[in-house]
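Side chains included, hydrogens not; waters and symmetry mates left out as well; all remaining heavy atoms used. Quick note: residue numbers are just sequence positions, from 1.
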Amino acid sequence: MRESMVCIGQIGEEPYCFQETGVCVFSYEEMVYYLSEHMICYLYTLPDEELLYYIRDQLGLEKLSRQLSRFRDPAKDQMKYFSTLFREGNYFTEDEIRQILDEYRKLKNMPYPVQCKWKGDMFLNANRASMAIYYYKEALRQNTMDSAETGAVYHNMGIAKARLFRYHDADVDFVKAYQYAGDEESLFCYYCINVFVEGLAQAKEELRSFKVSDLLLESFENRFDAMNDEFGFSGLAASHKKIDYLMLNGREEDGMNARKKLVRELQKEFRQELETEDNLYSTNLPAKNVFPI
C-alpha cells in the first residue's frame with residue numbers, strides 16, 4: 001500500500017494476501033483499510049475463511065475471529081460482518097463506518113452489469129487484466145447497458161487485452177468502443193497499437209478508414225510522439241532503438257526476430273496473468289487461489 005499508516009496492534013509474522021488483487025497486509029489497520037476500499041469484491045460473498053484464521057493466529061484477535069465466524073452463514077446479513085470488523089480496532093470513526101456501509105449498500109443496489117464493470121475496473125487498476133476481462137465480458141453478456149456504458153466497457157477491455165499482448169483482440173475492442181460511444185480516446189488507442197504492430201504508415205492508413213480529419217490525425221501523431229519521447233528514457237528504449245535500426249537498414253528479418261524476442265521477455269513478466277486468462281478461457285469461471293502468498 002502506498003499510503004503511510006500507523007499500526008498500533010499486533011503485526012503478523014506472515015502476510016495475508018487478498019486473492020482478488022494480490023495485495024498483502026500485515027496488520028489489522030492495513031486489512032480494514034484495504035477492505036473499505038474494495039467492498040465491491042464482497043457484494044455476493046465474504047472474504048475467505050482463511051482471513052479469520054489470520055486474524056486469530058497472526059493478529060492475536062481471537063474474540064473478533066469468533067464474532068466474525070458467526071456471520072459467515074449466507075443467510076446472515078453481510079453488513080453485520082463488516083460493521084463488526086470495522087469497529088474492533090477503532091481505526092475508523094463511527095461516521096466513517098456508516099459512510100463505508102452506506103456506499104456498500106449503494107453498490108449492492110446497483111444494476112448487475114454496472115457492478116461487473118466497476119469490478120472489472122478495479123481489477124484493471126490492480127493490474128489483474130485477465131480477471132478484468134472476465135467481468136467486462138460478464139457486463140456485456142447482460143446486454144442491458146446504453147451505448148456510452150457499452151463503449152466504456154469495450155474501451156477498458158481493450159486496455160486489458162493489450163496488457164496481455166492480445167493486440168488484434170484489443171484493436172477490435174477499441175473499434176467497438178468508438179462505434180458505441182464515439183470517444184476519440186478509443187480511436188487513439190487503436191492508432192497506438194497499430195503503430196506498434198504494423199508501423200506508422202499503416203497506422204495512418206487504418207485511421208483514415210474512419211474518415212477522421214487531418215487535424216485529428218495530426219493531434220494523434222503529436223501525442224504519440226510525446227509518448228515516444230517520454231519512453232526514450234525508459235529501460236526498454238534501447239531494445240526498441242535496436243529494432244528500429246535493423247528495420248530501417250535492410251535487416252527486416254533480424255528486426256522482426258529481435259521484436260519477437262523482446263515480446264517473449266515481456267511475456268515472462270506477465271506469465272501469471274496469461275496463465276490465469278487461460279484458466280478463465282477454459283472454465284469461464286473466476287480463477288480461485290491464483291495469487292498465492
Looking at CG of L85 and NZ of K80, how far apart are the two atoms once the value is rounded to the nearest 0.5 Å? 16.0 Å
ILVMFWY cluster, Y53 and L68 together (side-chain gap under 4.5 Å): no
Side chains of Y112 and E138 in contact at under 4.5 Å (non-hydrogen atoms): yes
Can you tell me how far CD of E94 sits from OG of S83, rounded to the nearest 0.5 angstrom? 9.0 Å
Side-chain (Y180) to main-chain (D146) donor-acceptor, under 3.5 angstrom: no
Is the shortest heavy-atom distance from the side chain of Y16 to the side chain of M31 under 4.5 Å? no
Measure the shortest side-chain to side-chain distance between R70 and T84 over non-hydrogen atoms and say whether it is less than 4.5 angstrom. no
Side chain R72, main chain P47, donor-acceptor under 3.5 Å: yes
With a 3.5 Å distance limit and no angle check, can you tell me whether Y81 reaches the backbone of L46 through a side-chain donor-acceptor pair? no
Keeping the roles fixed (side chain from Q115, backbone from I40), state whether a donor-acceptor pair exists under 3.5 Å. no
Using only atom types and a distance under 3.5 Å, with no angle test, would you say the side chain of E13 pairs donor to acceptor with the backbone of Q58? no
What heavy-atom pair brings A152 and K117 nearest, and what distance separates the two atoms? CB-CE, 4.2 Å
Kindly compute the distance separating CD (Q10) from CD1 (I55), expressed to the nearest 0.5 Å. 12.5 Å
Give a yes or no on whether the backbone of C17 and the side-chain of Y54 come within a donor-acceptor separation of less than 3.5 Å. no
Measure the NZ-CG distance between K161 and D171 for me, rounded to the nearest 0.5 Å. 11.0 Å
Main chain of L124, side chain of R163: is a donor-acceptor contact present, judged purely on distance under 3.5 Å? yes
Any side-chain heavy atom of E184 sitting closer than 4.5 Å to one from V212? no
Please find the pair of heavy atoms, one from A160 and one from A129, that lie closest to each other, and give the distance. O-CB, 3.6 Å
Would you call H155 and D183 a side-chain contact if the rule is heavy atoms closer than 4.5 Å? no
Answer yes when K63 and E88 have at least one side-chain N-carboxylate O distance shorter than 4.0 Å, and no when they do not. no
Step by step, would you call Y104 with F82 a ring pair (Phe, Tyr, Trp, His ring centres under 6.0 Å)? CA-CA 10 Å; Y104 179 62; F82 289 111; 5.5 Å; yes
Hydrophobic cluster membership, Y44 vs L35, 4.5 Å side-chain cutoff: yes
Of Y42, Y33, F123, Y34, which is the lone residue that meets ring-ring contact (aromatic ring centres under 6.0 Å, His included) with F18? Y34
Over all heavy atoms of both residues, which pair between S186 and A177 is shortest? Give the atoms and the distance, please. OG-CB, 3.4 Å
Any donor-acceptor N/O pair, S65 side chain to E62 backbone, under 3.5 Å: no
Just do the side chain to side chain contact (heavy atoms under 4.5 Å, CB included) check on L64 and Q67 with the steps written out, would you? CA-CA 5 Å; L64 176 61; Q67 289 175 322; 4.0 Å; yes
Identified ring-ring contact (aromatic ring centres under 6.0 Å, His included) partner of Y190 from the options Y154, Y178, F210, F174: F210
In Å, rounded to the nearest 0.5 Å, how long is the span from CG of L43 to CE of M110? 10.5 Å
In short, L59 meets Y28 closest at the heavy-atom pair CD1-N, 3.8 Å
Does atom CG of D102 have more than 12 heavy-atom neighbours from other groups under 6.0 Å away? yes
Using modelled atom types only, decide if a donor and an acceptor are shared between the side chain of E30 and the backbone of F26 within a distance under 3.5 Å. yes
Single-linkage hydrophobic cluster, 4.5 Å side-chain cutoff, V172 and I159 together: no
Do we see a donor-acceptor contact under 3.5 Å between the side chains of Y167 and N194? no
Distance check, rounded to the nearest 0.5 Å: M122 atom CE versus M131 atom CE? 8.0 Å
Do the side-chain N and O atoms of E103 and Q99 include a donor-acceptor pair separated by under 3.5 angstrom? no
With a sphere of 6.0 Å drawn around CG of N249, does it hold more than 12 non-hydrogen atoms of other residues, nucleotides or ligands? yes
Please find the pair of heavy atoms, one from T93 and one from E96, that lie closest to each other, and give the distance. N-OE1, 2.9 Å
Between D173 and K176, does a salt bridge (Lys or Arg N to Asp or Glu O under 4.0 Å) hold up when you go through it step by step? CA-CA 5 Å; D173 286 338; K176 288 183 178 179; 5.2 Å; no
Indicate yes or no: at least one non-hydrogen side-chain atom of R105 is less than 4.5 angstrom from one of M79. yes
Within the side chain of Q78, is there an N or O that forms a donor-acceptor pair under 3.5 Å with the backbone of T45? yes
Taking all heavy atoms of E20 and all of C41, pick out the closest pair and write down the distance. CG-SG, 3.7 Å
